[in-house]
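Just the heavy atoms: all of them, side chains too, but no hydrogens, waters or symmetry mates, feed the values below.
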Amino acid sequence: MVNQHYNQIWQTVCAIPKGKVASYGQIADLAGLPGRARLVGKSLGYIPKDMFVPWYRVIRSSGQLAFSAGSDQALHQTGMLQEENVVVFRNRVKLRVFQWQPTLDEMLWKLNG
DNA sequence: GCCGTGACGACGG
DNA sequence: TCCGTCGCCACGG
């Protein structure tokens, strides 16, 4: 039994295209939960093991990875991103280059799904 | 109900 | 750019 908000958040994270990243706040907004970036972070820790959700494409609004530099988790996330050709330098990603900018179509599609 | 705790964010120095 | 501060909100003790 999981909070309904978590499902909305997971769905939204799944909409981030491969090779792009989005911020916690951005996901919260798109999920219809403005101002609840921290809830997004929480929910990513509760992703069911049998469900694929590209959690590693979610980073801070500053471009920094959420995990501290050098930690196992940060290294894992870095590896996953680099497999998608997202450049991670000094534990951060250049948002100018890799941040997902949803088109109107993508946002409307989410409403239907 | 109060309080501390987060995979956060905006802002100012 | 790198910090500290404050606001934020869901949870658990």
Can you run down the salt bridge (Lys or Arg N to Asp or Glu O under 4.0 Å) pairs that involve residues 45-63 of chain A, sequence neighbours left out, and say none if there aren't any?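 Non-adjacent pairs meeting salt bridge (Lys or Arg N to Asp or Glu O under 4.0 Å): Arg57(A)-Glu84(A).
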Euclidean distance, atom [atom1] of residue [X] to atom [atom2] of [N] [Å, nearest integer]:
| X | N | atom1 | atom2 | result |
| --- | --- | --- | --- | --- |
| His5(A) | dC8(C) | NE2 | P | 18 Å |
| Leu33(A) | dG9(B) | CG | C1' | 16 Å |
| Asp29(A) | dC8(C) | CG | C1' | 13 Å |
| Ile9(A) | dA10(C) | CD1 | C1' | 10 Å |

Hey, does Ser62(A) reach any base, or is it just sugar-phosphate, or nothing, if we go heavy atoms under 4.0 Å?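 Touches nothing.
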Over all strands shown, is Arg36(A) touching base, sugar-phosphate only, or nothing at heavy-atom distances under 4.0 angstrom? sugar-phosphate
Between [X] (side chain only) and [Y] (backbone N and O only), is there a donor and an acceptor less than 3.5 Å apart?
| X | Y | result |
| --- | --- | --- |
| Gln64(A) | Arg92(A) | no |
| Asn91(A) | Leu75(A) | no |
| Thr78(A) | Ala74(A) | yes |

Interface with DNA chain B, restricted to residues 66-89 of chain A and to heavy atoms under 4.0 Å: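 Result for residues 66-89 of chain A: Ala66(A), Phe67(A), sorted by number.
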Does some side-chain heavy atom of [Y] sit less than 4.5 Å from a side-chain heavy atom of [X]?
| X | Y | result |
| --- | --- | --- |
| Phe52(A) | Ile47(A) | no |
| Tyr6(A) | Lys42(A) | yes |
| Leu95(A) | Ile59(A) | yes |
| Thr12(A) | Val40(A) | no |
| Leu44(A) | Val13(A) | yes |
| Leu33(A) | Gln8(A) | yes |
| His5(A) | Leu39(A) | yes |

On a whole-Å scale, what distance lies between the P atoms belonging to dG13(C) and dA7(B)? 16 Å
P gap between dG12(B) and dC8(C), integer Å: 16 Å
Can you pull the side chain to side chain donor-acceptor pair (under 3.5 Å) pairs that have at least one residue in residues 14-26 of chain A, sequence neighbours excluded? Gln26(A)-Gln99(A)
Measure from the ring center of His76(A) to the ring center of Trp55(A) and say whether it is less than 6.0 Å. yes
Distances for protein N or O near nucleotides 11-13 of chain C N or O, under 3.5 Å:
residue: dC11(C); atom: OP1; partner: Asn3(A); partner atom: ND2; Å: 2.5

All N/O contacts under 3.5 Å from nucleotides 2-5 of chain C to the protein, with atom names and distances to one decimal?
residue: dC2(C); atom: OP2; partner: Arg92(A); partner atom: NH2; Å: 3.3

Would you say Arg60(A) reaches dC8(B)'s phosphate, i.e. side-chain N/O to OP1/OP2 under 4.0 Å? yes
Any Ser61(A) side-chain nitrogen or oxygen under 4.0 Å from OP1 or OP2 of dA10(B): yes
Of the non-hydrogen atoms in Ser43(A) and Ile9(A), which two are nearest, and what is the gap between them?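 So the minimum-distance heavy-atom pair works out to OG-CG2, 3.3 Å.
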In which stems does DNA chain B show up, taking only runs of three or more Watson-Crick or G-U wobble pairs whose two distances fall under 3.5 Å? B:2-6 with C:9-13, B:8-13 with C:2-7
